[in-house]
Amino acid sequence: MQPTPKQRLWMYEMMVKNRYNEARLSATYMEGKSPLFNMANGPLPGEMHLSDGQEPCAVGLGAHLTKDDYFACHHRSHAQALAKGVDLKRMTAEILGRKAGLSEGRAGHIHIFDYEVLFWSSGIIGQNMGPAVGAALARKMRGEAGIAIACIGEGGANQGGFHEAMNLAAVWKLPFICVIEDNQWAVSVPKSKSTAIASNADRAAAYGMPGERVISNDPDDIFAAVGRAVARARAGEGPSLLELQTVRLQGHFMGDPEVYRPKAEIAAKPEMDPIPRYRRKLIAAGVMTEIEADAIVARAHAEVDEAFAFARAAAEPAPEDAFDKVFV
Amino acid sequence: MQPTPKQRLWMYEMMVKNRYNEARLSATYMEGKSPLFNMANGPLPGEMHLSDGQEPCAVGLGAHLTKDDYFACHHRSHAQALAKGVDLKRMTAEILGRKAGLSEGRAGHIHIFDYEVLFWSSGIIGQNMGPAVGAALARKMRGEAGIAIACIGEGGANQGGFHEAMNLAAVWKLPFICVIEDNQWAVSVPKSKSTAIASNADRAAAYGMPGERVISNDPDDIFAAVGRAVARARAGEGPSLLELQTVRLQGHFMGDPEVYRPKAEIAAKPEMDPIPRYRRKLIAAGVMTEIEADAIVARAHAEVDEAFAFARAAAEPAPEDAFDKVFV
Amino acid sequence: MSVVEATAVKPAQKNRNERKLTIAKALNEAIAQEMRRDKNVFLMGEDIGILGAVWGYTGGLLAEFGEERVRDTPISETAFIGAAVGAANLGMRPIVELMFVDFYGVCMDAIYNLAAKSSYHSAGTFKAPMVLTTAVGGGYCDSTQHSQCLYATFAHLPGMKVVMPSNAYDAKGMMTSAIRDDNPVVFMMHKNLQGMGFLGTIQGAIVDVPEDSYTVPLGKANVVRDGTDVTIVGLGMTVHQGLEAAKTLEKEGVSAEVVDLRSLAPLDRDTVCRSVQKTGRLIVVDDDYLSYGVTAEIIATVTERDIKSLKCPPKRIAFPDIPIPFARPMEQHCLPNVRKIVAAARAMM
Amino acid sequence: MSVVEATAVKPAQKNRNERKLTIAKALNEAIAQEMRRDKNVFLMGEDIGILGAVWGYTGGLLAEFGEERVRDTPISETAFIGAAVGAANLGMRPIVELMFVDFYGVCMDAIYNLAAKSSYHSAGTFKAPMVLTTAVGGGYCDSTQHSQCLYATFAHLPGMKVVMPSNAYDAKGMMTSAIRDDNPVVFMMHKNLQGMGFLGTIQGAIVDVPEDSYTVPLGKANVVRDGTDVTIVGLGMTVHQGLEAAKTLEKEGVSAEVVDLRSLAPLDRDTVCRSVQKTGRLIVVDDDYLSYGVTAEIIATVTERDIKSLKCPPKRIAFPDIPIPFARPMEQHCLPNVRKIVAAARAMM
Ligand SMILES: Cc1ncc(C[n+]2csc(CCOP(=O)(O)OP(=O)(O)O)c2C)c(N)n1
Ligand SMILES: Cc1ncc(C[n+]2csc(CCOP(=O)(O)OP(=O)(O)O)c2C)c(N)n1
Ligand SMILES: [Mg+2]
Ligand SMILES: [Mg+2]
């Protein structure tokens, strides 16, 4: 299954948009945090996990999903959120802790929730699996369109919740896809030290479902693999497992000096970046020209800039707003 | 790997001993519980899970283990305990809630603990996996003889703790064996409704370890398969997974009317019983005569009777003993 | 003496005979009625299908509603309780069972970090209308891992309601409320009150239950006995112990008021304080572990609000801070009971 | 004013200069010294190896003790905390990290049903000498799932010790005690006191720490400031808020005594009651959720033992019963702080 030129342009644009969004978040995050770095300070306090490098997974997925598909993500979810169609302005406002944010400032960057497009997240590793399986169950029981996807990191695939949910989805033959983003690191622990086998796709056999591993970190390849899994799910043929090899171009979270990461790997970051590569590829394939590419970049940047302008101008929540929405 | 005649006789004896022990426990359990069945009443209150039919797993394992091997069992552990060499008198006393019991009456039938032979249990499904892996780690770190075994039911193989522990044991290449006793039922839920694949042995591939399934419920076959796994573990070659198909001849616990169990399966219980079959086999193979077999049975029964006499004569704990041993 | 809650929506009382039901039967009826009323209500859990649940409250539901809506699960609490959250987010109303509360340690994240925070995380958009049923309590020699109550373990954490009925009338009405509630509700069932075939049941739990559907509001305590000299606060089984104790005390001329909390979160502090203002004495009875538990919360509430209402130090009777021992003499020694309550009340007079 | 515990075994004071250490550094030293002393001591957890732990207290240990004894784990808390129990049963003394206390929901069974009951289950034969380190606390906008304290969640359950130092001196001595303890110890580290590179640290936590090994007993509270008019009870971060408040109050002529609980289980009830007997007034400060928490336990303890010692209603200051909101104005509004303590004390006078 190949993406159409339109889909490829969309994927490129979403990748660029995420990357620039991460850069702006990153700059905003550092405000008020020097000379002494203190996570608590500045207009964007707390933890910050960037997804630079992992955009191909997000866009390869997003290209196949509709707003009726429930997407349960994790702590590193900006790229997926954008690709799923989460409202960028309200997302930025949420990350900056504003009342206009998706959750009115209650949740922050680790918990991007947008009910309009059924985007959901949790910061507890592996725990997004169950809810996604349940969403798939709801869709099936109600006979509604829509499938469910859970994204986890390769580190998350060693959490018990992964195993239980995979088995449950398979036993009940649910329209569910588990996507493992294998950036090869779980904070400082490399996959080789955390995972008994090289490819988590092989774990699909433990649940009698198809498993596929994509190693290129190329949006087109990911698009194709996701397409097969989505088609299965929509056709009522049951769940699938995908492992997508990708790359974490930043530290685990901002402030991480990556002391544990081999120097050679750090040095190789630029050439591992999937975005310039995809740009060259689309240009070479005649899908876009340099000028068109630049226009896409400019449009994406403008949208991000607008979201930041919106968020920064937005009001903070009132202190006592904390007490609302505990119960519905 | 074939058991020697001596080992086969030992396995026969342990099976018979367990079966008779279960019968006596069962009779004791029913005391004070009629006409109205109430779990709280009688000299043996609480839950009671019998292991009739599953003896081959226990003896096939026990034949290979020494008292230095840490054995982490579950709620249905009498047969394994006997095969591991747990003190029968003190075990019976524990099950009857006596001060002379293994845990001085604090733990009861679901929690058979005998430090002398490193027998350990927990009633929470799948949670015995971690401690067994940790025991294997301790053996390895200290360079000591001894391996670790965890037994779970086929229902337990869908618990997250199974997955995590299997991976951890494999990553650290520990002297660990996971044995799944597949009696095909988890209370009222058949394996086909709980488990996405037919053979849990296939799940070994998810951890890069050997997996083997034995379907005969014959002690010799189990002995052979366990022997391979134990040899690997003792040689420092890492963990293994075994799934042993077996049969639960009783309800899940005493008082379970088994309304959920197909009539044909209930009717077939006598012919599924592994003990008469093994007796015939050993006699046919010339390992023992009918007379010798009867002598073994008599000896086993006598030992059980003695344990019951001991336990019933033993004193109950004092009420305030409850407060001891919370901390060491 | 009636344990029927005055503020409950009163069901149609016409054309019906008195029916004494167990809590198990009352819950069954509430669930069946709600499943008929709303096709989004469904069940998940271990052995809730053909077995009718270990706690005997789902019998017949599989036959009536089929396998789609009455789902036996693998032993995968993290997955299926997590699944309840996702399904609830999309409009379903799952009732999901954690068989024994003691097992919470394998799946608490799905409960307290996902279900309980779903509304907060999403400013109320991802609702989690789900009921988590779970059995609590000991006293029948089920040892350390199958006899716990863990009330405070749940009630301490925000975002979920935590309730337990002490009788069948409340059970039916509270279950109906719980199912209709748009928030996650932890619905505890006390084994000594439930009415299964394999365990005794305190008779006071088996009361008249109307056939028609009705609700008993969550979050309201119930004064199940009026009195003037001492307030005995309990929950589930300990309510019945309090009532028994009150009978004995009455013979001695001591008039005890008994409050059934029914809900730990929200906690009906007003009802408790009002009672203590009247009686001036407070005994809190709890079969959960003593420290950092229900007894402390009730006492702190009364003391902080109105210390002057107390004529003497309040008294806690709870399970001591030790694992629950198996052998009967030890377990019985540690559990709250009528004798301990009576003695405490006497000592206060 | 010194926070040094009077009853601690005093280490050799000779031949050393004053060294102000962070808690992270003090813990590191205690662990390293114990690892040198006893080859059975080893570490397991996520990112405790080359990274030196997210909380900065295991740096250098991998280099000194090697990968066998400093083990980075997969993200498999159930497995590796369970593994700590099994390893401890066979004579090892694992120190195992649950990175954030908030994650307990994925692995609590291994902690409360296995580690905490190992001794009881086996009449003391299967010992579980292990330390579970875990980070608590918010105030830096880490939102609902990374800012919790959950003190009562652990302290409510029997069989484990639950402790938290408020300063580096206690940290070293208590960690040494915890490692040598034959029982499971949950050792909490407050993020606002710890001294990592990425978060501010309350300066009062950084104190002089002797180089030699020493122990501070577990289960003893510490009166960190003497006073006569009001007792402020806290733990970890709130101790420092209490000390700050005491300074302000002093200027107003109010003499506050500040008690650092240090241990929630066992709980040093005597020290708290003795202080309230002296001051007659009680404020309990807690950054964990309010209900069924530390504040209630302390108040119930004092009230039940000696209600007459209280001249006025005791006061609780704790995090309200809501998830911890992300945005700073909301989170700060909910946290305990010096202003709230001072106001409560003033209102009592
Ligand atoms: C249950 C649990 N354990 C530990 C953590 C802390 N933690 C947050 S992210 C992370 C690493 C995750 O690695 P991976 O799943 O590979 O995702 P990545 O960060 O690489 O995207 C860890 C250990 C957590 N959030 N939840
Ligand atoms: C985590 C957990 N969930 C549920 C239970 C209740 N329970 C006890 S035994 C059992 C069935 C176990 O089935 P299986 O693992 O196949 O073992 P078997 O009983 O067949 O020997 C269940 C569900 C439990 N003890 N622990
Ligand atoms: Mg990763
Ligand atoms: Mg089974």
Side-chain angles (χ1 to χ4, degrees), chain C residues 78 102-114 116-117 120-121 143-145 148 150-159 264-267 284 288-308 310 312-316 320-325, chain D residues 78 102-114 116-117 120-121 143-145 148 150-159 264-267 284 288-308 310 312-316 320-325:
Chain C
T78 292
D102 312 67
F103 308 160
Y104 92 103
V106 304
C107 58
M108 191 59 170
D109 193 75
I111 300 168
Y112 102 107
N113 259 338
L114 300 187
K117 294 174 183 161
Y120 204 73
H121 273 151
S143 191
T144 59
Q145 295 179 333
Q148 297 168 102
L150 307 183
Y151 306 133
T153 299
F154 285 78
H156 179 53
L157 301 167
L264 294 173
L267 179 61
V284 194
D288 190 11
Y289 303 117
L290 175 78
S291 291
Y292 309 92
V294 173
T295 58
E297 184 59 30
I298 297 295
I299 290 174
T301 295
V302 170
T303 323
E304 196 184 24
R305 279 215 194 166
D306 191 3
I307 196 168
K308 297 230 176 71
L310 287 163
C312 63
K315 173 78 183 164
R316 335 199 222 178
D321 295 321
I322 64 170
I324 298 174
Chain D
T78 291
D102 312 68
F103 308 159
Y104 91 103
V106 304
C107 58
M108 191 59 170
D109 193 75
I111 301 168
Y112 102 107
N113 259 337
L114 301 186
K117 293 173 183 161
Y120 204 72
H121 274 151
S143 191
T144 60
Q145 295 180 332
Q148 297 168 103
L150 306 183
Y151 305 134
T153 298
F154 284 78
H156 179 52
L157 301 168
L264 294 174
L267 178 62
V284 195
D288 189 11
Y289 302 117
L290 175 79
S291 291
Y292 309 92
V294 173
T295 58
E297 184 59 30
I298 297 295
I299 289 173
T301 295
V302 170
T303 324
E304 196 184 25
R305 280 213 194 168
D306 190 4
I307 195 168
K308 299 232 174 71
L310 287 163
C312 63
K315 173 77 185 165
R316 337 198 221 176
D321 294 322
I322 64 170
I324 299 174

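Quick caveat, the model's predicted, so the values are computed rather than measured. Letters A, B, ... are given to chains in the order of the sequence lines, protein chains preceding strands, and every chain is numbered from 1.
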Using a cut-off of under 4.5 Å on heavy-atom pairs, state which of [options] scores highest against chain C.
options                      : answer
D:Ala152, D:Pro323, D:Ala155 : D:Pro323
D:Gly293, D:Cys312, D:Pro314 : D:Pro314
D:Asp288, D:Leu310, D:Leu290 : D:Asp288

Using non-hydrogen atoms only, which part of [X] is less than 4.5 Å away from chain C: side chain, backbone, both, or neither?
X        : result
D:Asp102 : both
D:Val302 : neither
D:Ile111 : neither
D:Thr301 : both
D:Thr153 : both
D:Pro320 : neither

Flag the one option from [options] with the top tally of heavy-atom pairs under 4.5 Å to chain D.
options                                : answer
C:Ala116, C:Ala265, C:Pro158           : C:Pro158
C:Met108, C:Lys117, C:His156           : C:His156
C:Val284, C:Asp321, C:Asn113, C:Ile299 : C:Asn113
C:Ala110, C:Pro325, C:Ser143, C:Gly159 : C:Pro325

(request) Check whether the side chains of D:His121 and C:Thr144 place a donor and an acceptor atom closer than 3.5 Å, and report yes or no. (result)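 A donor-acceptor contact under 3.5 Å links the two side chains.
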
(message) Can you confirm whether the side chains of C:Tyr112 and D:Gln148 place a donor and an acceptor under 3.5 Å from each other?
(response)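 There is such a pair (donor and acceptor under 3.5 Å, judged by atom type) between the side chains of C:Tyr112 and D:Gln148.
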
(request) State, with a plain yes or no, whether a side-chain heavy atom of C:Asp109 is found less than 4.5 Å away from one of D:Phe103. (result)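 No, their side chains stay 4.5 Å or more apart.
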
(message) Using only atom types and a distance under 3.5 Å, with no angle test, would you say the side chain of D:Glu304 pairs donor to acceptor with the backbone of C:Arg316?
(response)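 Yes, the answer is positive, given that a donor and an acceptor are paired below the 3.5 Å cut-off.
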
(message) Taking C:Tyr151's backbone N and O only, do any of them form a donor-acceptor pair with D:Tyr292's side chain (distance below 3.5 Å, no angle check)?
(response)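 No; zero donor-acceptor contacts below 3.5 Å.
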
(request) Give, as side chain, backbone, both or neither, the part of C:Tyr120 having an atom under 4.5 angstrom from any heavy atom of chain D. (result)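 Interface part for C:Tyr120: side chain.
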
(message) Please classify the contact of C:Thr303 with chain D as side chain, backbone, both or neither, using a heavy-atom distance under 4.5 Å.
(response)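 Contact with chain D is through both the backbone and side chain of C:Thr303.
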
